[in-house]
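One structure is given here, and the rest of the page talks about it.
Letters A, B, ... mirror the listed sequences (proteins, then strands); counts begin at 1.
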Number of protein chains: 2
Amino acid sequence: MDSKTKTRMTYQRQVILEELAKVTSHPTAYDLHKMVNKRLPKISLGTVYRNLELLSESNEIQRLDVSGHQRRFDANAKDHHHIRCIHCSRVDDLPIDTTSVLEDIVFRTSEYTVLGHKIEFYGICPECKVKEQKHQEKDDISKDKNKSKTRR
Amino acid sequence: MDSKTKTRMTYQRQVILEELAKVTSHPTAYDLHKMVNKRLPKISLGTVYRNLELLSESNEIQRLDVSGHQRRFDANAKDHHHIRCIHCSRVDDLPIDTTSVLEDIVFRTSEYTVLGHKIEFYGICPECKVKEQKHQEKDDISKDKNKSKTRR
DNA sequence: TCCTTATTAGTAATGATTACTATTACTAAT
DNA sequence: ATTAGTAATAGTAATCATTACTAATAAGGA
C-alpha cells in the first residue's frame, strides 16, 4: 500500500524545500509557513507540516525533535548534531563526530558556553522484539505455507 | 523574590515523591496522577505537574524531556542516560558514561536493539552571552555605583 | 490560637500538532 | 485533448500535553 503511492512534486513542496534550503536557522513549521507565505499567500500551515513530514521521511530534509521544545527542520539531511541556547532557543549545527570525547570537543568547535548535553538512544526493547518475532511468524504462515527461516 | 519564598512539604508532594520512588518506569505526569490518585482521590493533574516541576528544580527528581515525546520523570536524580523504544515508547535507564564510545557500549549494556541515538548539547549562544554581559553591567551600575569587576 | 501566604482542586486557556473534508490539479490511459 | 483516478491542497476543527487562573484551603511560624 505504502509502496504503491507515488508522491507528486507539487509547487508548494518545491517552494517549501527551496525556502528551507535558503536558511541555516533551523526554522519551525510556523517559521517556515511565514517564509513560504510571501511567495504563496494561500498556503496553509497544515500543508507546510505535511510536506515537511514527507520530505523528512524521504530523507530530503532532517527533522529535529528538540527535547521539550518545538520541532525544527534542517535542509541538511546528513546526520549531524546540534546545540540549543537555553535562553533564546536558537539551534546551531555542530560539525563534530559522535565517537569523540563530547563536551570537550564542543568546547573547541563552538562559540557556545556548553552547560551540558543529553543523549537519547533509540531502538527496540526486549518485549517489542519478542512481539515483532511473533508477528513475523504469523505473517510467514499466512503469506506462505512453506516453512521459511525467520528473517533477521 | 524567588529567594524569599519558602516551599512547604505538603502531603500531596510527599505522596507524589513516594509513588515516583516506587517505580523504575519513568512515568509521565498523567501516569503519576493515576498512581497518586489511588491514595489521594481528589488530587488534580495540575498539582502533579506543579510538584514534579518543583521537585525537579530542587534536584530531588529528574525531568526527562524526551525528544518529540511526552515528558517523563525519574526518581533517580543523578545524571544518567536513557533509551526509548520506538514502538511502545517505554524508556529505560542506561548505566553508561558519556565519554565512552557510544552505541557500541550501549550494545553491550542494554538488551535493546540500538537503532541510533541523538545528542543534544545545551548552553549559551554568543549573542546571548553578549546580552548577559550587558545586563550584568547595568545591574552592577544600578546596584552599586562603585566600579566592579565583571563577574564570570 | 491566629496570620500570612504557599498550595490546592477545579477548570479554563494555550499552543503545537494532527485529522477531516470538500475541492483542486497532476498524471496516465483512452 | 478528454477523462478517470487519486494525491495534494486550503481551510478549519479536533486533540492532547502543558500552563494559567481563581477562590478556597492549610502549612507552619509568631
Q) Any side-chain heavy atom of N51(B) within less than 4.5 Å of one from T47(B)? A) yes

Q. Just to confirm, is there a sub-4.0 Å distance from OP1 or OP2 of dT8(C) to any side-chain nitrogen or oxygen of T47(B)?
A. no

Q. Would you call R63(A)-D65(A) a salt bridge at under 4.0 Å N-O?
A. yes

**Q.** Nearest-nucleotide comparison on DNA chain C, the residue closer to the 5′ end among M9(A) and A29(A)
**A.** A29(A)

Q) Now, which nucleotide makes the Watson-Crick or G-U wobble pair with dA17(D), with each of the two distances under 3.5 Å? A) dT14(C)

(Q) Between R50(B) and E53(B), does any NZ, NE, NH1 or NH2 come within less than 4.0 Å of an OD or OE carboxylate oxygen? (A) no

Q | Salt bridge flag under 4.0 Å for residues E19(B) and R39(B) | A | yes

Q: Take the protein atom OH of Y11(A) and the nucleotide atom C1' of dA25(C), then report the distance between them rounded to whole Å.
A: 16 Å

Q | T10(B) side-chain N/O to dT8(C) phosphate OP1/OP2 under 4.0 Å | A | yes

Q. Counting N and O atoms only, with roles assigned by atom type, does the side chain of S56(A) sit under 3.5 Å from a partner on the main chain of N59(A), one being a donor and the other an acceptor?
A. no

**Q.** Distance-only donor-acceptor test, R8(B) side-chain atoms vs dA6(C) base atoms, 3.5 Å
**A.** yes

Q) Whole Å only: how far is the CG atom of L55(B) from the P atom of dT7(C)? A) 11 Å

Q: Let me know, please, whether E53(B) or R13(A) comes out on the 5' side of the other along DNA chain D by nearest nucleotide.
A: R13(A)

(Q) Counting the atoms with a prime plus P, OP1 and OP2 as sugar-phosphate, which does R50(B) contact under 4.0 Å by heavy atoms, base, sugar-phosphate, or nothing? (A) base

**Q.** Gap between atoms CZ and C1', on F73(A) and dT17(C) respectively (whole Å)
**A.** 10 Å

Q. Looking only at side-chain N and O atoms, does K42(B) come under 4.0 Å of OP1 or OP2 in dG10(C)?
A. yes

(Q) The side chain of Y49(B) is closest to which nucleotide in this list: dA8(D), dT17(C), dT18(D)? (A) dT18(D)

Q. Taking CD from Q14(B) and P from dT8(C), how many angstroms apart are they, rounded to a whole number?
A. 12 Å

Q: Rounded to the nearest angstrom, tell me the gap between atom CG in N37(A) and atom C1' in dA10(D).
A: 12 Å

Q) Where each residue is assigned the nucleotide of DNA chain C containing its nearest heavy atom, which of S44(B) and D65(A) is assigned the position nearer the 5′ end? A) S44(B)

Q: Measure from the side chain of Q70(A), starting at C-beta and using heavy atoms only, and say which of dT8(C), dA16(C), dA17(D) lies closest.
A: dA16(C)

Q | Euclidean distance, atom CG of residue L52(B) to atom P of dT8(C) [Å, nearest integer] | A | 11 Å

**Q.** Protein-nucleotide distance (L17(B), atom CG; dT7(C), atom P), rounded to Å
**A.** 15 Å

Q. So H26(B) and H82(B), would you call those rings parallel, tilted or perpendicular, with 30° and 60° as cut-offs?
A. perpendicular

Q) Just how far, in rounded Å, is C1' of dC16(D) from CG of L45(B)? A) 11 Å

Q: Report yes if at least one side-chain N or O of Q12(A) is closer than 4.0 Å to OP1 or OP2 of dA10(D); otherwise report no.
A: yes

Q: Would you mind telling me which of dT18(C), dA16(C), dT19(D) lies closest to the side-chain atoms of R71(B)?
A: dT19(D)

